[in-house]
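In this chain, residues are counted from 1 in sequence order. Each ligand, and each atom within it, is numbered from 1 in the order the structure gives.
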Amino acid sequence: MSSITDFANFQLGLLGWPLGHSLSPRLHQAALQACRLSGEYQLYPVQNAGQLKPYLMQVRCGKLDGLNVTIPYKQAVLPLLDDLTPTARAVGAVNTLYRSGSQVVGDNTDVPGFLADLQRIGPASGGAALVLGAGGAARAVVYALSRAGWQVTVAARRVEQAQALADNLRPFAGAVSALPLEKDALTFDFQLLVNATPVGMHPHTQANPWPEGAPLLANCFVYDLVYNPAQTMLLQQAPAGSNGLGMLIEQAALAFELWTGRNVPRQALWEAL
Ligand code: NAP
């Protein structure tokens with residue numbers, strides 16, 4: 001039996017700046033192909049937030065079927081949206097926009113995307129987790145981990161940023177501790193370490209977010225959101241771990257499902273990368 005999506009020509013894309021090295025077009029073209037749908041996924045480089053509105057109008061009126069949003073607009077786009085999912089509201093940032101009736105709704109698929117990949121590859125929930133960084137991705141990760149039953153500590157080089165994250169998420173995620181990202185503050189036991197800073201990312205591949213002189217990472221699983229390079233300095237010193245490629249794939253697949261109603265075979269996305 002055929003459905004309406006079989007005949008649709010999906011117009012999808014990504015808002016952000018700069019967008020030169022984005023893997024999203026490759027992922028979503030592969031998703032369209034795997035689901036035997038027609039359409040395209042285009043990059044929309046937007047130089048300043050004042051230029052976002054026309055794209056949202058296109059989603060609202062049906063010219064575009066869905067958009068991803070990346071740095072630096074994950075928060076800046078919020079005032080332009082008609083509604084937010086509870087997850088996006090709690091995290092205070094969106095990465096996916098879709099149409100519902102005549103409304104543009106913002107969601108955050110980084111949250112379930114991170115959790116799905118961690119559950120695929122990481123340790124069982126319930127222990128202590130330490131998250132490095134307190135920016136947009138850290139907010140999604142801290143929220144996801146807290147909701148999944150981890151006791152979360154967030155450490156940032158500006159401790160006031162970590163404290164603000166903990167305070168903002170408390171109504172949605174319960175107690176989160178905040179620490180400075182300094183060797184003397186990181187001497188407690190944790191079963192999971194998540195790097196949510198860009199430290200170690202190409203081209204600065206020799207950089208490491210784990211402070212020099214901090215205790216060795218002996219008994220924990222390390223999840224590094226960075227995926228380029230595949231083996232960051234941080235992952236090289238971890239007894240077990242994973243980079244963030246699986247999260248990238250999961251958040252893309254979940255966005256694609258919101259736009260098309262189709263569950264993408266993950267294998268097709270892994271092969272596309
Ligand atoms: P962001 O909002 O800019 O936040 C970055 C955080 O890292 C901030 O707390 C920042 O502190 C901190 N930081 C930056 N440089 C640092 C340094 N040298 N030492 C210590 N802390 C530092 O960025 P984001 O959106 O959260 O993204 C963070 C990383 O996650 C990026 O590499 C991004 O590509 C990756 N990411 C991956 C996925 C995935 O699917 N795998 C999804 C989302 C994000 P300051 O504010 O003090 O600079």
Side-chain angles (χ1 to χ4, degrees), residues 14-24 26-28 68-77 88 91-96 107-118 120-122 130-144 153-166 168-169 176 178-183 185-186 193-212 214 222-230 232-235 241-256 266 269-270 273:
L14 173 63
L15 295 173
W17 182 272
L19 293 177
H21 299 293
S22 173
L23 295 173
S24 294
R26 222 195 290 178
L27 283 174
H28 287 284
N68 282 134
V69 183
T70 188
I71 289 172
Y73 302 125
K74 286 183 170 187
Q75 288 174 293
V77 77
V91 173
V94 299
N95 75 336
T96 302
D107 195 5
N108 192 316
T109 66
D110 280 340
V111 172
F114 166 73
L115 215 49
D117 197 46
L118 186 69
R120 178 181 68 88
I121 206 167
L130 172 61
V131 178
L132 308 182
R139 293 176 72 91
V141 165
V142 169
Y143 177 72
T153 299
V154 57
R157 62 178 169 182
R158 290 182 295 121
V159 69
E160 65 277 14
Q161 190 190 32
Q163 191 59 58
L165 185 157
N168 294 164
L169 285 182
V176 172
L179 290 174
L181 180 42
E182 291 166 5
K183 66 177 171 61
L186 305 175
L193 175 68
V194 182
N195 175 35
T197 78
V199 181
M201 191 163 73
H202 179 81
H204 306 291
T205 54
Q206 294 308 304
N208 190 335
W210 191 242
E212 219 177 311
V222 174
Y223 193 101
D224 197 334
L225 262 59
V226 172
Y227 48 81
N228 179 18
T232 57
M233 290 296 280
L234 177 64
L235 284 174
S242 168
N243 64 37
L245 207 53
M247 173 181 174
L248 183 79
I249 283 175
E250 283 297 331
Q251 63 76 30
L254 295 168
F256 190 84
R266 303 305 194 259
L269 303 188
W270 282 103
L273 295 183

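Put simply, the side chain of Glu212 does not reach to within 4.5 Å of the side chain of Lys183, judged on heavy atoms. Val194 is listed as a side-chain neighbour of Phe114, based on a closest heavy-atom distance under 4.5 Å.
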Fill in: side chain to side chain donor-acceptor pair (under 3.5 Å) assessment of Thr96 paired with Asp107
CA-CA 5 Å; Thr96 302; Asp107 195 5; over 6 Å; no
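Asn68 and Ser24 share no side-chain donor-acceptor pair at under 3.5 Å.
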What are the polar N/O contacts of ligand 1 with the protein below 3.5 Å, with distances?
residue: ligand 1; atom: 2 (O); partner: Gly136; partner atom: N; Å: 3.0
residue: ligand 1; atom: 9 (O); partner: Ala134; partner atom: N; Å: 2.9
residue: ligand 1; atom: 9 (O); partner: Gly135; partner atom: N; Å: 3.4
residue: ligand 1; atom: 9 (O); partner: Gln161; partner atom: OE1; Å: 2.9
residue: ligand 1; atom: 15 (N); partner: Arg157; partner atom: NH2; Å: 3.4
residue: ligand 1; atom: 18 (N); partner: Arg157; partner atom: NH1; Å: 3.4
residue: ligand 1; atom: 26 (O); partner: Gly136; partner atom: N; Å: 3.3
residue: ligand 1; atom: 26 (O); partner: Ala137; partner atom: N; Å: 2.7
residue: ligand 1; atom: 40 (O); partner: Leu248; partner atom: N; Å: 3.3
residue: ligand 1; atom: 41 (N); partner: Leu225; partner atom: O; Å: 3.1
residue: ligand 1; atom: 41 (N); partner: Gly244; partner atom: O; Å: 2.9
residue: ligand 1; atom: 46 (O); partner: Arg158; partner atom: NH2; Å: 2.8
residue: ligand 1; atom: 46 (O); partner: Gln161; partner atom: NE2; Å: 3.4
residue: ligand 1; atom: 47 (O); partner: Arg157; partner atom: NE; Å: 3.0
residue: ligand 1; atom: 47 (O); partner: Arg158; partner atom: NE; Å: 3.0
residue: ligand 1; atom: 48 (O); partner: Arg157; partner atom: NH2; Å: 2.7

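When each of Leu235, Leu130, Val226, Asn208 is checked for a side-chain contact (heavy atoms from CB on, under 4.5 Å) with Asn195, only Val226 meets the rule.
With sequence neighbours left out, Arg120 forms a side chain to side chain donor-acceptor pair (under 3.5 Å) with Asp117.
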